[in-house]
Number of protein chains: 2
Amino acid sequence: MALDCARQAAEAGEVPIGAVITRQGDVIAQGENRNRRDNDPTAHAEIVAMRAACALLGQDRLTDCDLWVTLEPCPMCAGAIAHARIARLYYGAADPKGGGVEHGARVFAHPQCHHRPEIFPGIGEESSARLLRDFFAIRR
Amino acid sequence: MALDCARQAAEAGEVPIGAVITRQGDVIAQGENRNRRDNDPTAHAEIVAMRAACALLGQDRLTDCDLWVTLEPCPMCAGAIAHARIARLYYGAADPKGGGVEHGARVFAHPQCHHRPEIFPGIGEESSARLLRDFFAIRR
């Protein structure tokens, strides 16, 4: 489902990244990159999905929720995941240039980080990476 | 003006942090923490202000804009500042526990960070810190 969100983003001319929030096994929200459409530098798939889930639940924490996203979250999204208290983070492709989990600022690795989700990388990695490669291959 | 935003947040029961965006010397947007009111873990003062500025300008970058905020930005907000291409970051109190600029993940210090603003810490530091101390002293 997150890959489908990523494909929809590509069709809209946005960087193809998609995210889904589940709660006790049920999908409660999804998101895709909307930076250009929404004129919003914070509108990454993860944040779009988390804001939708919070609006649905009427709370600013997602303590018993899991986040599934096609790409390693950037530092902004990793920080938002910590603030939202997401329980488990599942992601697809690694992002050596823009990631903030296993690359770059490694937001969850610092002792000051107030919440660290359980992290499961490499879920649907090849499909996630291919979507991004194909998208940028056309544009460069 | 950022301190006034922080005071308004406190009156609403939110953590007292305020932010202002300027462009060529003019204030174009402001923000205060709205996490609880908006049920939004991303609604920190900086992000509220940046989203408002982007909506006003009809673009997802704030290349010629400066951000003034009463507290050292967290990793989420530092990441958003990099995405928005904010030119200059002025902030008040340091945040040894939650900061992501001179503390913790130090988002701008990593070679993978794609944009680093000019950074000016300690602006109105004592007033910014006092607001937070007073707010938490009542609650703890």
Side-chain angles (χ1 to χ4, degrees), chain A residues 14-15 33-44 46-63 65 67 72-86 95-115, chain B residues 14-15 33-44 46-63 65 67 72-86 95-115:
Chain A
E14 303 268 3
V15 178
N33 269 33
R34 307 188 55 86
N35 299 94
R36 293 178 184 183
R37 283 173 285 182
D38 289 359
N39 291 319
D40 184 350
T42 73
H44 282 189
E46 300 94 313
I47 285 184
V48 171
M50 285 190 283
R51 295 180 80 225
C54 285
L56 180 79
L57 299 177
Q59 57 194 46
D60 68 347
R61 294 193 176 179
L62 299 169
T63 310
C65 296
L67 173 63
E72 177 187 351
C74 74
M76 174 180 75
C77 291
I81 286 164
H83 289 311
R85 310 291 198 276
I86 288 282
D95 186 358
K97 284 186 185 171
V101 177
E102 56 179 321
H103 296 94
R106 294 176 178 78
V107 168
F108 302 121
H110 297 266
Q112 295 96 328
C113 183
H114 55 278
H115 171 79
Chain B
E14 302 269 4
V15 178
N33 269 33
R34 306 189 55 86
N35 299 93
R36 291 178 187 184
R37 283 173 284 182
D38 289 359
N39 290 321
D40 184 352
T42 74
H44 281 189
E46 300 94 313
I47 285 183
V48 171
M50 285 190 282
R51 296 181 79 225
C54 285
L56 180 78
L57 299 177
Q59 56 195 45
D60 68 347
R61 294 192 176 179
L62 299 169
T63 310
C65 296
L67 173 65
E72 178 187 349
C74 74
M76 174 182 75
C77 291
I81 286 164
H83 290 310
R85 310 291 197 278
I86 287 282
D95 186 357
K97 284 186 185 170
V101 178
E102 57 179 321
H103 297 94
R106 293 177 179 76
V107 169
F108 302 122
H110 296 266
Q112 295 95 327
C113 183
H114 55 277
H115 171 79

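Labels below follow one simple rule: chain letters A, B, ... track the order of the sequence lines, proteins then strands, and each chain is numbered from 1. None of the values given here were measured: they were computed from a predicted structure.
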Q. Between the side chains of H103(B) and Q112(A), is a donor N or O closer than 3.5 angstrom to an acceptor N or O?
A.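 Per modelled atom types, H103(B) and Q112(A) side chains form no pair under 3.5 Å.
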Q | Atom CZ of R85(A): over 12 foreign heavy atoms under 6.0 Å | A |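 Correct, the count exceeds 12.
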Q. Heavy atoms, side chains only, cut-off 4.5 Å: are H83(B) and H115(B) in contact?
A.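 Result no, sub-4.5 Å side-chain heavy-atom pair not found.
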Q. Does some side-chain heavy atom of M50(A) sit less than 4.5 Å from a side-chain heavy atom of T42(B)?
A.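 No, too far: nothing below the 4.5 Å cut-off.
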Q.
Looking at chain A, which one of A55(B), G79(B), G98(B) has the largest number of heavy-atom pairs inside 4.5 Å, strictly under?
A.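 Going by pairs under 4.5 Å, I would pick G79(B).
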Q.
Looking at chain B, which one of K97(A), R61(A), R106(A) has the largest number of heavy-atom pairs inside 4.5 Å, strictly under?
A.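 Ranked by heavy-atom pairs under 4.5 Å with chain B, first place is K97(A).
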Q: Using a cut-off of under 4.5 Å on heavy-atom pairs, state which of L57(A), D40(A), N39(A) scores highest against chain B.
A: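 Ranked by contacts with chain B, first place is N39(A).
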Q) Can any side-chain N or O of E46(B) pair as donor or acceptor with the backbone N or O of I81(B) at less than 3.5 Å? A)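 No, the answer is negative, given that no donor and acceptor are paired below the 3.5 Å cut-off.
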(Q) Heavy-atom cut-off 4.5 Å, strictly under: side chain, backbone, both or neither for P111(B) against chain A? (A)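 It is neither, since no heavy atom gets under 4.5 Å.
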Q.
If I measure from the heavy atoms of chain A, does A78(B) come under 4.5 Å with its side chain, its backbone, both, or neither?
A.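 Neither part.
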